S.K.: 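Below you'll find the structure I mean.
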There are 2 protein chains.
Amino acid sequence: MTKTRQAPKRERILDVAEELFALRGYDGVTLRQIANNAGVDVALASYHFGKKLDLFNAVFERRAAHLNSARLDALEACQASADAAGPTVEQIIEAFLRPLELAQETGDPGWQNYLALIAYINNSPYWGPRMMSKLFDGLVSAFIAALRKALPGARDEDIYWCYHNLSGALTLTLAQTGRIDKLSGGKCLSADFEAAYDHMIPFVAAGFREVCGRSGKKRA
Amino acid sequence: MTKTRQAPKRERILDVAEELFALRGYDGVTLRQIANNAGVDVALASYHFGKKLDLFNAVFERRAAHLNSARLDALEACQASADAAGPTVEQIIEAFLRPLELAQETGDPGWQNYLALIAYINNSPYWGPRMMSKLFDGLVSAFIAALRKALPGARDEDIYWCYHNLSGALTLTLAQTGRIDKLSGGKCLSADFEAAYDHMIPFVAAGFREVCGRSGKKRA
DNA sequence: TTTATTTTTCAACGCTTGTTGAAATAGAGC
DNA sequence: GCTCTATTTCAACAAGCGTTGAAAAATAAA
């Protein structure tokens, strides 16, 4: 089974699908729009991926493993460099968010579209339940466990609500709607992930500590 | 021009459109689906509202004024009952969020669908820019001004990023994806707006104070 | 009841959709 | 060169789309 031959247009289809699905959603994009923007015949998408829904899933699967291992690596790294009490809340949130920035810094604009697409499904009552668990449940469980250790005595219920707030703030950031640009008169930019996380990390860490009890206080 | 005659099916179309658009998005719903679920002929939607996009806009306009004045009233009420220094961050956030809960408590499930629909457009790079400003810019400006006064010395940039985090947490709550239900094993429920705001208010207020400086400290 | 107006349905239009089978093209191994 | 397989295009399909004009039904006014 020779694997040498590769299909360059196959990747172009994935790139364009990623971009358009992120902007308009699954139903807002036609296979012909994808094919035209990729400079390819309509039938080629069906040849490579099957049904439209299979193409949608293929877009997610292309980068999922890479993204998840980058974030898990960051968590393990901050756990390895911590003392016996484990990493602080800030350090855990940092490990949760910063790899997303690195993905953008590769210069591949596809990563930005991919993250916007994840924001789309996470906020969707239709797609969320059938896609988020499959993609991220393992990752989220690992971070929740770390947070639980960093916040001794906290009630599980409180931790999950706080994680929900974190997930929402992150989701709106990834969606890149440009709303904060207009509201702030250009002082803040949706595309500036670094600034977003610089503000989100202390914001979220303070929220966790406030809601989950003072026991998880900031350490030096 | 007699206005006495009313069209009962017109409201049913709006109700069903609200529900289906919130679940599947603008492009994920057909006029025939809306008509069938409303027990009505397809052409009736065009008769009452014109194009599909006009129906979409009509759904938003039906409840927009009611919602905005409820939230503005809450802001003015907490400002009226405050001392010269103005309301605290908690009180402002409370005025921003609690009216959304009241809307749900009317028992009209349409409000829940409406709020989920707002979450959909706020998170959408396509719909957000062309709809959110028109609906909520005035309201948001009033709350930002109140927060600025409650956080003296804070940089505008920081306030906007904090508001962005609040907006994201709220948006994911309104979207009602049910993800927190599954993650928490049933300990937390997406439909429980009261619990969501009970956790969101102290979480967000602590975040604002952490990021926007200690000057806006909690007051008795 | 008759008339006038609004509401609702019926029937159909031109167009786009996702999908498919067959034909054409291209590249690797011989 | 030829052969085989993977890739890509071509052409067309049945189904569903938003939209519309005219007919029918319902309601209000007279």
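Just so it is clear: chains get the letters A, B, ... in the order the sequence lines come, proteins before strands, and each one is counted from 1. All values derive from a computational prediction rather than experimental measurement.
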S.K.: A:Glu11 has an atom CD; how far is it from atom C1' of D:dT7, in whole Å?
M.R.: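 From A:Glu11 CD to D:dT7 C1': 15 Å.
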S.K.: Under 3.5 Å, sequence neighbours excluded: what are the donor-acceptor pairs made by side chains of residues 112-120 of chain B?
M.R.:
unit_1	atom_1	unit_2	atom_2	d
B:Gln112	OE1	B:Gln104	NE2	3.4
B:Tyr114	OH	B:Phe60	O	2.8
B:Tyr114	OH	B:Ala64	N	3.3
B:Tyr120	OH	B:Tyr26	N	3.1
B:Tyr120	OH	B:Trp127	NE1	3.2

S.K.: Looking just at side-chain N and O atoms, do A:Thr171 and A:Asn123 make a donor-acceptor pair shorter than 3.5 Å?
M.R.: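 No - no donor-acceptor pair under 3.5 Å links their side chains.
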S.K.: Specify the separation, in whole Å, of atom CG of A:Asp27 and atom P of C:dT16.
M.R.: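 Atom-to-atom, A:Asp27 to C:dT16, this comes out as 19 Å.
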S.K.: Just N and O in the side chain of B:His48: are any of them under 4.0 Å from OP1 or OP2 of C:dT8?
M.R.: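 The answer is yes; a side-chain N or O of B:His48 sits under 4.0 Å from OP1 or OP2.
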S.K.: Using atom CG of A:Leu55 as one end and atom C1' of C:dT17 as the other, report the distance to the nearest whole Å.
M.R.: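 Rounded to the whole Å, the gap is 15 Å.
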S.K.: Partners of A:Ala103 by side-chain contact (heavy atoms from CB on, under 4.5 Å), sequence neighbours excluded?
M.R.: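 Residues passing side-chain contact (heavy atoms from CB on, under 4.5 Å) with A:Ala103: A:Trp111.
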S.K.: Measure the distance from CZ on B:Phe56 to P on D:dG18 and round it to the nearest whole Å.
M.R.: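 From B:Phe56 CZ to D:dG18 P: 13 Å.
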S.K.: With sequence neighbours excluded, tell me which residues meet side-chain contact (heavy atoms from CB on, under 4.5 Å) with A:Glu194.
M.R.: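 Expected list: A:Arg98, A:Glu101, A:Asp192, A:Asp198.
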S.K.: Atom pairs, N/O to N/O, protein against nucleotides 18-22 of chain C, distance under 3.5 Å?
M.R.:
unit_1	atom_1	unit_2	atom_2	d
C:dG18	OP1	A:Lys52	NZ	3.1
C:dG18	OP2	A:Leu31	N	2.9
C:dG18	N7	A:Arg32	NH1	2.7
C:dG18	O6	A:Arg32	NH2	3.0
C:dT19	OP2	A:Lys52	N	2.7
C:dT19	O3'	A:Lys51	NZ	3.4
C:dT20	OP1	A:Lys51	NZ	2.9

S.K.: State which residues pass salt bridge (Lys or Arg N to Asp or Glu O under 4.0 Å) with B:Asp137; sequence neighbours excluded, sorted by chain then number.
M.R.: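 Counting only residues at least two positions away or on another chain, B:Asp137 forms a salt bridge (Lys or Arg N to Asp or Glu O under 4.0 Å) with A:Arg179.
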S.K.: Once you round it to whole Å, what is the distance between P of C:dT6 and CG of B:Leu44?
M.R.: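 After rounding, the reported distance stands at 15 Å.
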S.K.: With salt bridge (charged side-chain N to carboxylate O under 4.0 Å, His left out) as the rule and sequence neighbours excluded, what pairs involving residues 158-173 of chain B come up?
M.R.: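 For residues 158-173 of chain B: B:Arg155-B:Asp158.
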S.K.: Rounding to a whole Å, what distance do you find between B:Ile34:CD1 and D:dG16:C1'?
M.R.: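 Whole-Å distance recorded here is 15 Å.
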